[in-house]
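Everything on this sheet refers to the single structure shown next.
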Number of protein chains: 2
Amino acid sequence: MKSLFQDLTSLLVQNNIRPSYQRIKILEYLHGHHIHPTADDIFNALISEIPTLSKSTVYNTLDLFISNNLARLLSIEDTEARYDIVMNNHGHFKCVSCGEIFNFDIDIENTVIKELDGFSIKDKNVYFKGICAKCLQANTHE
Amino acid sequence: MKSLFQDLTSLLVQNNIRPSYQRIKILEYLHGHHIHPTADDIFNALISEIPTLSKSTVYNTLDLFISNNLARLLSIEDTEARYDIVMNNHGHFKCVSCGEIFNFDIDIENTVIKELDGFSIKDKNVYFKGICAKCLQANTHE
DNA sequence: TAGTAAATTTATAATAAGTACAATGTTATT
DNA sequence: AATAACATTGTACTTATTATAAATTTACTA
Ligand SMILES: [Mn+2]
Ligand SMILES: [Mn+2]
Ligand SMILES: [Zn+2]
Ligand SMILES: [Zn+2]
């Protein structure tokens with residue numbers, strides 16, 4: 001019986017990425033926290049367990065994961081980069097009140113855009129913004 | 001017969017925005033250049049005509065336009081904010097080779113997302129990335 | 001297994017977009 | 001004309017990300 005640590009190690013090796021401790025821990029964090037964290041979130045979550053961890057390593061590792069299609073970058077705001085390990089296509093809703101980013105299903109993969117005929121599409125993102133149900137309710141109780 | 005300058009002045013007045021020279025010129029630029037410019041693009045385009053122009057004014061004015069729904073912010077990259085005066089819903093494709101941002105029609109307005117039931121959606125963005133037809137052809141000639 | 005090369009991590013400095021703020025200039029109101 | 005409100009400007013500041021080089025770890029080889 002394999003541990004998660006071992007599974008993630010295999011995943012890295014399969015992608016020709018050396019399974020360093022830092023890389024496995026960052027990957028493990030992304031797998032365990034589908035909250036679309038920032039690089040800073042990841043750094044702060046791991047710094048107690050890896051006291052020597054550098055933010056450069058977090059950025060380098062995330063770039064590495066992205067270029068190997070193990071993670072994707074969300075640019076829902078131009079002020080902060082967020083990362084998502086869930087690679088199947090889905091949309092994102094950011095609540096401007098609480099900041100949480102929600103996932104939702106949307107079929108954009110099979111939509112044909114005739115204006116983009118002859119274009120090579122590598123990445124499709126659907127970003128919504130607004131106020132989530134929880135925050136809407138909280139406001140009515142004011 | 002009204003001039004464009006007069007039309008844009010009226011548009012600002014209708015939105016309770018004082019039609020200062022700077023504001024009209026920035027609005028005029030956005031109307032004349034549907035290239036999804038950065039704040040810096042706008043500043044550089046206008047600085048010769050308005051030598052005293054400040055980047056603060058460009059940022060302030062763009063924020064003002066956005067909060068009055070006269071323009072929208074595109075966060076297709078987390079590294080640069082881009083602005084669009086075309087307010088009807090449409091998608092954006094960014095060519096990672098030449099950097100151009102193309103518009104395309106997509107009907108996202110009437111799509112019901114059941115996971116977002118009870119959410120207040122204020123803004124919908126569809127961002128694609130890839131390589132445009134022109135750049136693809138240029139590459140084959142290498 | 002010692003030595004060397006390659007890869008990775010780390011710390012620090014540099015970059016640059018955007019924001020905050022106070023001073024200056026302009027417009028409207030009395 | 002005096003005053004208040006509004007808008008613009010320049011400067012300083014913040015902060016996420018990138019660049020760079022040194023230090024560390026790992027892989028490879030004699
Ligand atoms: Mn997601
Ligand atoms: Mn557009
Ligand atoms: Zn919320
Ligand atoms: Zn192109």
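It should be emphasised that the depicted structure is a prediction, and the values quoted were computed from it without experimental measurement. In what follows, every chain begins at residue 1, and chains take the letters A, B, ... in the order their sequences are listed. We use all heavy atoms of the structure for the numbers below, so side chains are in, but hydrogens, waters and symmetry mates are not.
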| message | Centre-to-centre under 6.0 Å for Tyr127(B) and Tyr127(A), is that the case here? | response | yes

| query | Atom CD of Glu80(B) to atom C1' of dT17(D): distance rounded to whole Å? | reply | 14 Å

| field | Side chains of Asp41(B) and His33(B), donor plus acceptor under 3.5 Å | value | no

| query | For every nucleotide of nucleotides 3-11 of chain C, 5' to 3': is a protein heavy atom under 4.0 Å from its base (B), only from its sugar-phosphate (S), or from neither (-)? | reply | ----SSSBB

| request: Report the distance from atom NZ of Lys55(A) to atom P of dA13(C), rounded to the nearest whole Å. | output: 16 Å

| query | Starting at CG of Asp63(A) and ending at P of dT18(D), how long is that distance when rounded to a whole Å? | reply | 6 Å

| Would Ser10(B) and Asp7(B) count as having a side-chain donor-acceptor pair, cut-off 3.5 Å? | no

| remark: Rounded to whole Å, the CG-P distance (Leu12(B) to dC6(D)) equals 17 Å

| message | Any residue in residues 34-45 of chain B with a heavy atom nearer than 4.0 angstrom to DNA chain D? Just list them by number, or reply none. | response | none

| Taking atom C1' of dC6(D) as reference, at what distance in whole Å does atom CG of Leu64(B) sit? | 12 Å

| said: Both Thr79(B) and Asn16(B) contact DNA chain D. Which one's nearest nucleotide lies toward the 5' end? | reply: Asn16(B)

| message | Nearest 0.5 Å, please: how far is CG in Leu70(B) from CD1 in Ile85(B)? | response | 6.5 Å

| Asp78(B)/Arg82(A) ion pair, N-O < 4.0 Å | no

| task | Give a yes or no on whether Asp107(A) atom CG has more than 12 heavy-atom contacts from other residues, nucleotides or ligands under 6.0 Å away. | result | yes

| Would Phe65(B) and Tyr83(B) count as a close aromatic pair, with their ring centres under 6.0 Å? | no

| query | Ring centres of Phe104(B) and Phe128(B) under 6.0 Å apart? | reply | yes

| field | Distance, rounded to the nearest Å, where Glu77(B) contributes CD and dG18(C) contributes C1' | value | 17 Å

| query | When you look at His34(B) and Asn103(B), which way does the side-chain hydrogen bond (donor to acceptor under 3.5 Å, both in side chains) test go after all the steps? | reply | CA-CA 9 Å; His34(B) 291 178; Asn103(B) 300 306; 6.0 Å; no

| dC13(D) P sits how many Å from Tyr59(B) OH, rounded? | 19 Å

